[in-house]
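This report concerns only the one structure given below.
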Amino acid sequence: MTRSPYVVVVGGANMDLKARSAAAIVAGTSNPGSTRMSAGGVGRNVAESLARLGSAVHLVAAVGADPIGDALLGDTAAAGVGIEHVRRLNVPTGTYTAILDHDGELSVAVADMTATDALGPDAVRESKDLLSRAALIVLDANLASPTLTAALTVAAVSRVPVVLDPVSVPKASRLAAVLAVERPIHTITPNADELAELTGRPTSRPAEAVSAARRLMERGVARVWVRLGPAGSMLVAAGADPVMLSPFPSEVVDVTGAGDAMLAAYCHALLANHPPELAAIHGQAAAALTVAAAETVRPDLTADLVAGILTSIPAPSISASSTKGSR
C-alpha cells in the first residue's frame, strides 16, 4: 500500500468562548474582563496547527448544521485543513467555554461536546480509505470508546502509527477499555493526573510516573509523553531510559491550546523523520510560542518560527533516571 504524506486527525471540533478576568477572579460574583470567540476543539486545533506548520492534514469530526458550524468549518478550511470528512449533524455545534484568570491560567471550563459524542464508528468506516493510507493518525479522547476502538482497529490493520491524546482526567477514563496490545499506539500524551487515571497508579514523583508509563507499555503503547506543565515534559519509551525535557521560557498570555500545538509540532517533526526525543522538543517550542499568544491556535505559527526558537534558545534535556527516588 502506498503511504501518502498526510495526517488524519479524528476528534473534537467546537467553538471556543474564552473569558479573561481583568484582575484576580473573585468567586460568586461578576468579574470585569474581556471575551474572545474562535474555532476550537482538541482534534480541530491539532489539525489547524499541523496545517500551519506545513503538514497536509484531514479532519474527521462532527459539527452541527447551524451557523456556528458554518463559521467553524470556514475558519478550519481557510487554515488549510481538509474538511471533506467532517459530518454535519442535526445537533448544536459543540462549544467550549473557558474562564481564565488575569494571568492567563485556566480557572474553570465547561465543554458541550454533543456533536462529537454523536460521532460514531460508522464515521470511521466511511473514512477508512483515508485513514488506511495516512502516514499518521491522531486521535483525541473526546471520541466515544467505540469510535476510538474503530479508529485504532483500522490503524492496526493498515499499520498506520497512532498518536493519542487523553484530553482530560474524565476523558482518560474512557481509554481503559480501548488500550490493547492488538491495537498498538505510537505515542500517548497524558499529563500526570491523566496518567494516574489511565493506570490506577500514583504519578506525583518522576519515578512513579515512569513506573506508571511502563504499565501502559504492557497494553500496546510504545511511548508515553508525560506533560508536566511548567516543569516541561518526560518521554518514556519502551527499551530506553526516560528523558526529561525542560520547557522554553515564555511570557504566558493564554494557556488555551498550548497542548494542542505541542502535539501538532511533535507529529509534524515525526513526519520529517526526527527521532521522538527531538520531535518532543519541537513540541515544547510550539507550546511556548502558543502560550505567548492570545489565540488558541497561533495564526503565525510556522515550522520556521519553531525552528527559530530551537536555534535561539536550545532546550536542555536530561535522563530522568537521575531523578529516581526524588520527591
Side-chain angles (χ1 to χ4, degrees), residues 9-14 16 18 25 27 40-46 94-101 104-114 116-117 119 138-149 151-152 162-180 183 185 187-221 223-236 247 254-263 266 283 287 290-291 296:
V9 181
V10 190
N14 52 257
D16 284 352
K18 295 187 292 184
I25 289 178
V42 172
R44 197 220 66 87
N45 290 346
V46 171
T95 55
Y96 172 80
T97 304
I99 308 299
L100 307 176
D101 211 337
E105 295 291 338
L106 179 66
S107 178
V108 68
V110 176
D112 177 356
M113 303 299 293
T114 302
T116 299
D117 289 341
L119 188 72
V138 179
L139 305 175
D140 82 49
N142 282 308
L143 301 167
S145 294
T147 308
L148 286 166
T149 300
L152 287 169
V162 173
V163 177
L164 175 58
D165 185 349
V167 176
S168 67
V169 171
K171 299 295 176 64
S173 64
R174 295 181 174 184
L175 301 180
V178 170
L179 300 181
R183 296 186 289 270
I185 292 172
T187 306
I188 190 168
T189 62
N191 63 25
D193 291 338
E194 293 159 1
L195 180 59
E197 179 67 25
L198 284 166
T199 61
R201 285 176 165 258
T203 59
S204 59
R205 296 184 297 169
E208 291 175 338
V210 171
S211 177
R214 299 290 187 205
R215 290 298 297 271
L216 289 182
M217 292 170 190
E218 299 171 5
R219 303 174 65 186
V221 178
R223 293 167 193 83
V224 183
W225 187 17
V226 188
R227 301 175 183 183
L228 302 173
S233 64
M234 178 171 62
L235 186 66
V236 186
D254 184 344
V255 299
T256 312
D260 306 333
M262 189 171 172
L263 177 55
Y266 175 75
T290 300
V291 299
T296 301

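Computed from a predicted model, the values in this text were never measured in an experiment.
Considering all non-hydrogen atoms of both residues, Asp140 and Gly43 come closest at OD2-N, 2.9 Å. Looking at every heavy atom in both residues, Ala212 comes nearest to Pro202 through CB-O, 4.5 Å. Heavy atoms only, all atoms of each residue included: Val169 and Glu194 are closest at N-CG, 3.7 Å. Residues Thr95 and Asn14 share a closest heavy-atom pair of N-CB, 3.7 Å. The heavy-atom pair separating Trp225 from Gly283 by the smallest distance is CH2-CA, 4.1 Å. Of all non-hydrogen atoms in Gly12 and Thr116, the two that sit nearest each other are CA-OG1, 3.6 Å.
Residues Leu216 and Ile185 have side chains not in contact (no heavy-atom distance under 4.5 Å, counting atoms from C-beta outward). Thr199 is not listed as a side-chain neighbour of Glu208, based on a closest heavy-atom distance of 4.5 Å or more. Taking the side chain as every heavy atom from C-beta outward, Leu164 and Leu148 approach each other to under 4.5 Å. No side-chain heavy atom of Glu197 sits under 4.5 Å from any side-chain heavy atom of Pro166.
In this structure, Asn142 CG and Asp165 CG are separated by 8.5 Å, a value rounded to the nearest 0.5 Å. The CZ atom of Arg223 sits 13.5 Å away from the CD1 atom of Ile188 when rounded to the nearest 0.5 Å. Expressed to the nearest 0.5 Å, how far CG of Leu198 lies from OG of Ser173 amounts to 9.0 Å. Between atom OG1 of residue Thr296 and atom CZ of residue Arg44 there is a gap of 8.5 Å, rounded to the nearest 0.5 Å. Atom CZ of residue Arg215 and atom CZ of residue Arg201 lie 4.0 Å apart, to the nearest 0.5 angstrom. Interatomic distance, Leu263 CG to Thr187 OG1, rounded to the nearest 0.5 Å: 9.0 Å.
Remark: side-chain polar atoms of Thr203 are paired, donor with acceptor, to backbone N or O of Ala192 under 3.5 angstrom. Listed for the Thr147 side chain is a donor-acceptor partner under 3.5 Å among the backbone atoms of Leu119. A distance-only check finds a donor-acceptor pair linking the side chain of Arg183 to the backbone of Val178 [under 3.5 Å]. A distance-only check finds no donor-acceptor pair linking the side chain of Asp16 to the backbone of Lys18 [under 3.5 Å]. One N or O on the side chain of Arg219 and one on the backbone of Ala176 form a donor-acceptor pair closer than 3.5 Å. Ser211 places no side-chain N or O within donor-acceptor distance of the main-chain N or O of Ala207, the cut-off being under 3.5 Å. With hydrogens and angles ignored, the 3.5 Å screen pairs no side-chain donor or acceptor of Asn45 with any backbone N or O of Gly257. A donor-acceptor contact shorter than 3.5 Å links the side chain of Asp101 to the backbone of Ile25.
Legend: residues meeting salt bridge (Lys or Arg N to Asp or Glu O under 4.0 Å) with Asp117, ordered by chain and number and at least two apart, are Arg174. Every residue two or more places apart in sequence or in another chain was checked for a salt bridge (Lys or Arg N to Asp or Glu O under 4.0 Å) with Arg214, and none qualifies.
A donor-acceptor pair shorter than 3.5 Å cannot be found between the side chains of Asp193 and Asn191.
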